Amino acid sequence: MRFTSNKLDFLIAVVFLQLMVCITILFDIQIVRQVLGFFYFTFIPGLIIVKLMRLDRFSLVEVALLSVGFSIVFLMFVGVFANEFGLLLGSSKPLFLAPLLLIVNFFVLVGASLICLKDGENEVKCLNIKSHKPLLWFILPVLSVIGAMWVNVYGNNTFLLAMIALTSLLFVSSSISRKFLTFDFYPLAIFTIGISMLFHSSLISNYVVSFGSDVPMEYFVFRETVERGHWASSVSPFTSLGYSRINSMLSVTILPTVYSIFLKMNPTWIFKVIFPIFLSLVPLCLYQVWQIHTDKKYAFFGAFLFIATSTFHSEMLGLSRQIVGEVFFALLLFVILNKEMKGNSKILCFMVFSFGLVASHYALAEIFLFFISFNTVYFLLLRRPSNNITMSMAIFFFTIMFIWYIFTSSSAVFESFISYGNYIYEQLDDFFNPAARGETVMRGLGLEAPPT
């Protein structure tokens with residue numbers, strides 16, 4: 001089979017990028033290693049999978065989102081594979097640079113070669129920027145980073161206030177006039193606004209900011225995995241239930257450990273930089289879902305309101321495993337509600353992202369299971385098939401969810417489900433017992449005489 005010029009260009013570009021990443025890692029070239037390495041490990045493995053599945057016919061934004069989702073799951077899988085296989089071979093620290101880099105590079109090289117052997121042209125999408133106005137949105141992340149550094153050094157938030165004011169001004173201008181920002185650049189605006197609002201909170205200190213959430217325990221579990229050099233999939237039965245639940249999540253054990261090894265990055269800054277970047281993709285993915293079913297302008301408004309909610313740029317930064325879980329939750333919504341994705345591609349995407357959600361956050365997985373189960377039962381009662389969710393998809397998610405939660409961290413997550421269920425069941429007696437209500441409620445219901 002003859003290679004087309006376009007396919008050869010793609011293969012050459014991948015090999016060149018792979019070589020540059022290896023050089024920066026070998027010689028430990030700071031900043032370049034972190035920036036180039038993050039792009040390579042976060043996009044390229046997933047892009048290879050997207051092209052092999054022929055999903056590159058979607059828009060540039062959708063291809064990028066799918067690539068990130070596949071890459072994150074791929075890094076999780078590579079980490080678990082190296083961890084378990086290394087332990088079987090007797091290695092006390094199987095999570096180190098050589099095997100992880102070898103597996104990733106081998107997959108990327110073989111995948112890029114297979115893409116060249118495929119029939120059809122290898123389409124490469126790019127942005128067509130005809131105006132300088134969309135570039136104004138890149139000022140927001142710059143102001144956000146500079147403003148956070150300025151606060152840390154001088155205790156002055158002038159730049160951050162200017163960033164927030166400029167964000168409001170750009171949003172209002174884009175809402176009023178389509179000449180200022182066309183529909184094609186709505187995703188760019190959403191991403192820059194999201195990452196700016198997140199960085200203005202996450203970079204405000206040199207330490208991990210908890211916002212009253214679980215990130216201290218998540219950070220502790222991550223540091224333990226890094227220092228041990230392996231992930232303990234099973235823990236002592238005497239370990240606290242909270243620690244065990246978090247330890248069973250690959251989103252705060254394997255995933256940040258792999259990034260720490262590849263990028264040689266301070267663990268604190270993985271939580272302060274990489275996880276906010278992941279979270280900024282959630283409103284972008286939701287926009288892609290909403291704009292299919294409504295006007296693009298309304299979808300843009302919805303994404304902006306999602307970002308403007310204080311929980312998004314404060315409390316969520318203290319829930320790292322939920323950040324990754326929300327990425328997969330949004331991607332699953334995209335896969336389910338996308339009418340152009342059909343057949344084996346839809347099923348495979350659903351399976352991969354389901355594993356990503358289950359291994360990232362147990363509560364979100366439980367919520368998603370409720371949604372798809374309710375949908376399945378609803379259409380069964382109506383006796384008409386659903387075009388989006390099938391019975392087999394719901395059964396698969398249920399199976400992978402409970403297999404993972406039973407066989408990791410001594411079934412800590414499964415035991416939590418059981419204990420919560422028992423607690424709710426025990427409270428039902430009081431719920432249906434009028435005597436369990438207070439005096440004021442009883443008088444309001446007319447079941448108790450007034451004092452006078």
Side-chain angles (χ1 to χ4, degrees), residues 30-31 34-39 42-43 64-65 68 72 134-171 185-213 215 218-219 222 251-252 255-256 259-260 263 265-287 303-324 326-327 330:
Q30 292 299 308
I31 300 179
Q34 284 75 42
V35 175
L36 192 63
F38 176 75
F39 173 81
T42 307
F43 285 96
L65 289 170
V68 172
I72 294 175
L135 299 179
L136 292 173
W137 294 92
F138 288 104
I139 298 176
L140 298 179
V142 174
L143 277 177
S144 179
V145 174
I146 293 175
M149 294 172 62
W150 203 261
V151 170
N152 293 337
V153 177
Y154 299 106
N156 189 319
N157 64 348
T158 303
F159 285 102
L160 290 182
L161 291 175
M163 183 272 295
I164 295 174
L166 182 60
T167 300
S168 303
L169 179 62
L170 290 175
F171 173 73
F185 290 97
Y186 276 170
L188 173 65
I190 292 168
F191 176 76
T192 53
I193 293 173
I195 198 65
S196 301
M197 294 302 297
L198 291 168
F199 277 165
H200 108 283
S201 296
S202 69
L203 301 180
I204 203 68
S205 165
N206 293 325
Y207 305 96
V208 175
V209 184
S210 68
F211 292 100
S213 297
V215 75
E218 294 171 342
Y219 184 76
F222 160 54
S251 54
V252 288
L255 183 63
Y259 272 110
S260 177
L263 307 183
M265 196 171 177
N266 188 307
T268 300
W269 292 98
I270 290 179
F271 277 72
K272 294 174 72 66
V273 176
I274 292 181
F275 279 98
I277 293 176
F278 289 156
L279 182 56
S280 66
L281 300 177
V282 174
L284 184 59
C285 189
L286 292 176
Y287 167 79
F304 179 80
L305 291 175
F306 182 85
I307 296 170
T309 305
S310 61
T311 302
F312 175 80
H313 51 80
S314 59
E315 185 179 352
M316 279 303 303
L317 292 171
L319 296 166
S320 300
R321 65 192 189 281
Q322 186 171 334
I323 287 175
V324 183
E326 286 197 4
V327 172

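What you see below is based on every heavy atom in this structure, not just the backbone, and it leaves out hydrogens, waters and symmetry mates. All values reported here derive from a predicted model rather than from experimental measurement. Just so you know, residue 1 is the first one in the sequence shown, and it goes up from there.
Annotation: Leu169, atom CG; neighbour count of heavy atoms from other residues, nucleotides and ligands within 6.0 Å is above 12.
The heavy-atom pair separating Val215 from Val209 by the smallest distance is CG1-O, 3.8 Å. For the pair Ser201 and Leu317, the tightest heavy-atom approach, listed with the atom from each and the gap, is CB-CD1, 3.5 Å. The heavy-atom pair separating Cys285 from Leu65 by the smallest distance is CA-CD1, 3.7 Å. The two residues Phe312 and Leu198 make their nearest non-hydrogen contact at O-CD2, 3.4 Å. Considering all non-hydrogen atoms of both residues, Trp269 and Ser205 come closest at CH2-O, 4.4 Å.
In this structure, CG in Leu188 is found 9.5 Å from CG in Leu284, a value given to the nearest 0.5 Å. Residue Leu160 holds its CG atom at 9.5 Å from CE of Met197, rounded to the nearest 0.5 Å. Here the straight-line distance linking atom CZ of Phe222 with atom CZ of Phe271 works out to 6.0 Å at 0.5 Å rounding. Note that CG of Leu319 is 4.0 Å distant from OG of Ser213, once rounded to the nearest 0.5 Å. Here Thr167 contributes atom OG1 and Ile193 contributes atom CD1; the two are 6.0 Å apart, rounded to the nearest 0.5 Å. To the nearest 0.5 Å, atoms NE2 (His313) and CZ (Phe211) are separated by 9.5 Å.
Ring geometry for Phe171 versus Phe304: interplanar angle under 30°, hence parallel rather than tilted (30 to 60°). Note on ring orientation: taking the six-membered ring where Trp is involved, the planes of Phe278 and Phe275 are perpendicular (angle over 60°, cut-offs 30° and 60°).
Between the side chains of Tyr259 and Thr42, at least one donor-acceptor pair of N or O atoms lies under 3.5 Å.
Remark: side-chain polar atoms of Ser260 are not paired, donor with acceptor, to backbone N or O of Pro256 under 3.5 angstrom. In this structure, the side chain of Glu218 engages the main chain of Ser320 through a donor-acceptor pair within 3.5 Å. In this structure, Ser280 contributes its side chain and Ile195 its backbone to no donor-acceptor pair below 3.5 Å.
Using a 4.5 Å heavy-atom threshold, the side chains of Val273 and Leu203 count as touching. Between Phe191 and Leu281, the closest side-chain pair of non-hydrogen atoms falls below 4.5 Å.
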